[in-house]
Amino acid sequence: MAAKIMVRYGEIALKGKNRGQFEQQLYRNLQAAVVEYSKEISKIHGRFIVTGPEEHSEIMIQKLSRVFGVASVSLVRETELDIEDIKTLAAEITKKISSDDIAFKIETRRANKKFPYPSPEINRIIGAHLQELNPNLVVDLKKPSFKLSIEIGYSKAYLYITSTAGPGGLPVGITGRSLLMLSGGIDSPVAGWLSMKRGLFVEALHFHSFPFTSRRSQEKTVALCRKLAIYSNKIPLHMISVTAIQKELNANCPEDLGIILLRRMMYRLAEQLSLKRKLQAIVTGESLGQVASQTLESINVIDKATGMLVLRPLLGLDKKDIIDIAATIDTYDTSILPYEDCCTLFLPKSPVTKPKLQVIENYEALLDIERLLKEAMSSLETTIVKRD
Ligand code: ATP
Ligand code: MG
């Protein structure tokens, strides 16, 4: 027998035309999430039904419950729009429930108002039927030990007992395309995840200083992208070498300004890549006050290097909140692997915390910025990281 999985999505924020777009994008993303198992997705009364082989129902539920826009997912049984058929199926489903679970509740949602019984009536009829079959059952609306849900659609009725929560948010791709600056630390993968949650398609950009940084630190960013790709199906990962830039900065600029100057170069490179890839915003894992380059003054000076919109989804989060999300999305253990990052190389003993834009620009005037950017862009390597 084929398994049927019902996918519910958040409806609260959906208005008018947005709804159609939301559903279309969600449909495509659901398809991509289970493509190995199912090609059959249909839409019924504000839900999707995914049909696939029963032996894959668990893995399909897991994959569907990680698609942004999904509110919850349930394995359902389907029956005809007939109260007798619903009774029979309700009895069959609840037979499997442990004999200790006697407090129950029935919840009906009647999307199809042509069905002759209103929801409270259906609850009553099915409840009475179950109690007839098992006199130990008691109705408990407040603290049931199991809940039987019934949905009356336009051509079928659906029954289920359990639900898995989805991640909520908006389907990836619906709000635009962005470039995540992905370092390999704890913060930027979380920033990427939060952007995807608001419907942004994310491409990632990692700066490395090979051979000063190892191949393993690059592999770490591939591993992080693979974790993120669970939520967006795939992530194009771009790598750019900033070795030459760092050498040049080291030779020509004061040590304590190194990080700010490097960051400004990174933003410029991110902007060039965004234009090339038609990406509309840069996303970073910057937060306020975490490190020297994240004072308001520093962020301001760094930000001035680009005319692009820079999103900083972590701004209002404490480190603990960020770590909690990293643990939930399973990037934390990878992020704390001790491979060096290009920013930690040549790290000044005491970086400035209140840089002056004019001073920074004066040093930049001594450099051949255009040539440095061009050379760095020529080191660009791109791979498409797919979800497992
Ligand atoms: P993270 O935990 O993401 O590394 P962080 O707390 O270490 O962040 P910074 O080192 O100040 O903070 O970096 C701020 C942001 O700059 C990062 O979150 C990331 O978006 C970007 N960034 C830093 N280093 C790199 C890099 N090597 N490649 C790409 N982006 C980087
Ligand atoms: Mg870092």
Side-chain angles (χ1 to χ4, degrees), residues 1-16 18-20 22-23 26-27 30 40-51 57 61 64-65 67 69-166 168:
M1 194 171 54
K4 302 230 171 239
I5 300 165
M6 179 180 280
V7 179
R8 288 174 218 84
Y9 43 92
E11 292 155 282
I12 312 159
L14 295 179
K15 292 185 203 98
N18 284 348
R19 189 189 183 96
F22 180 105
E23 285 173 342
L26 183 59
Y27 178 82
L30 293 172
E40 205 188 324
I41 304 183
S42 53
K43 213 183 128 237
I44 51 150
H45 64 273
R47 279 115 167 69
F48 287 105
I49 296 286
V50 180
T51 307
S57 60
I61 286 175
L64 294 167
S65 66
V67 175
V70 170
S72 63
V73 176
S74 297
L75 186 62
V76 297
R77 294 284 301 276
E78 187 184 270
T79 187
E80 299 308 317
L81 275 184
D82 179 299
I83 197 74
E84 291 307 318
D85 286 334
I86 297 173
K87 271 189 191 172
T88 309
L89 184 57
E92 192 186 321
I93 290 179
T94 51
K95 213 166 53 195
K96 293 184 201 123
I97 285 170
S98 146
S99 54
D100 294 337
D101 289 334
I102 53 164
F104 81 112
K105 173 182 178 176
I106 298 183
E107 213 168 69
T108 300
R109 181 172 174 267
R110 189 178 59 140
N112 173 3
K113 301 294 180 214
K114 292 215 173 94
F115 190 72
Y117 306 90
S119 303
E121 182 76 6
I122 300 171
N123 292 343
R124 207 189 48 70
I125 296 173
I126 304 301
H129 180 63
L130 295 181
Q131 281 175 313
E132 226 170 82
L133 296 173
N134 178 1
N136 291 331
L137 287 181
V138 286
V139 175
D140 185 341
L141 300 181
K142 288 217 181 82
K143 263 191 156 182
S145 51
F146 75 89
K147 185 173 94 180
L148 172 66
S149 299
I150 302 174
E151 294 204 6
I152 307 293
Y154 292 98
S155 61
K156 300 276 180 196
Y158 301 89
L159 279 67
Y160 60 90
I161 298 278
T162 52
S163 284
T164 306

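Atom set for the values below is all heavy atoms of this structure, side chains included, hydrogens, waters and symmetry mates excluded.
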Practice item. Could you pull out the closest heavy-atom pair between Ala103 and Lys143, with the gap in Å? Key: CB-O, 4.2 Å

Exercise for review: Evaluate the side-chain proximity of Lys87 to Ile126: yes if any heavy-atom separation is below 4.5 Å, no if none is.
Suggested key: yes

Review point. With side chains defined as the heavy atoms from C-beta onward, is the minimum distance between Phe104 and Ile161 less than 4.5 Å?
Key: no

Review point. Closest heavy-atom contact between Asp140 and Lys105?
Key: O-CB, 3.8 Å

Point to revise | Gap between atom CD1 of Ile5 and atom CZ of Arg47 - 0.5 Å precision | key: 15.0 Å

Check your understanding: Is any side-chain heavy atom of Leu148 less than 4.5 Å from a side-chain heavy atom of Leu130?
Key -> yes

Check your understanding: Can Ser72 and Arg8 be counted as having a side-chain donor-acceptor contact under 3.5 angstrom?
Key -> yes

Check your understanding: What's the spacing between Ile152 CD1 and Leu159 CG if we round to 0.5 Å?
Key -> 7.5 Å

Practice item. Answer yes or no: is there an ion pair linking Glu92 with Lys95, defined by an N-O contact shorter than 4.0 Å? Key: no

Review point. Looking only at heavy atoms, which two atoms of Ala91 and Leu133 are closest? And how far apart?
Key: CB-CD1, 3.4 Å

Check your understanding: From Ile93 CD1 over to Phe146 CZ, what is the distance, rounded to the nearest 0.5 angstrom?
Key -> 10.5 Å

Point to revise | For Thr51 against Ala2, the heavy-atom pair lying closest together | key: CG2-CB, 3.7 Å

Check your understanding: Got a donor-acceptor contact below 3.5 angstrom from the Ser65 side chain to the Gly166 backbone?
Key -> no

Review point. So how far is it from Met6 CE to Leu64 CG, rounded to the nearest 0.5 Å?
Key: 13.0 Å

Check your understanding: Any side-chain heavy atom of Ile125 within less than 4.5 Å of one from Glu121?
Key -> yes

Study note, to complete from the structure: Test side-chain hydrogen bond (donor to acceptor under 3.5 Å, both in side chains), reference Glu151, set Lys156, His45, Arg110, output is His45

**Study point:** Value rounded to 0.5 Å, distance of CG in Leu141 from CD in Glu107
**Key:** 9.5 Å

Point to revise | Pairwise side-chain contact, Ile86 with Phe115, heavy-atom cut-off 4.5 Å (strictly under) | key: yes

Practice item. Please round to the nearest 0.5 Å and tell me the distance separating atom CD1 of Ile97 and atom CG of Leu137. Key: 8.5 Å

Revision key, fill the gap. Of all heavy-atom pairs linking Tyr158 and Ile44, the shortest is CE1-CD1, 3.5 Å

**Study point:** Val70 and Leu30, any side-chain heavy atoms less than 4.5 Å apart
**Key:** yes

Check your understanding: Distance-only, no hydrogens or angles: does the Asn112 side chain make a donor-acceptor pair with backbone N or O of Ser155 under 3.5 Å?
Key -> no

Review point. Is it the case that more than 12 heavy atoms not belonging to Tyr117 sit under 6.0 Å from its OH atom?
Key: no

Exercise for review: Step through the shown structure and confirm whether more than 12 heavy atoms of other residues, nucleotides or ligands are within 6.0 Å of NZ on Lys114.
Suggested key: no

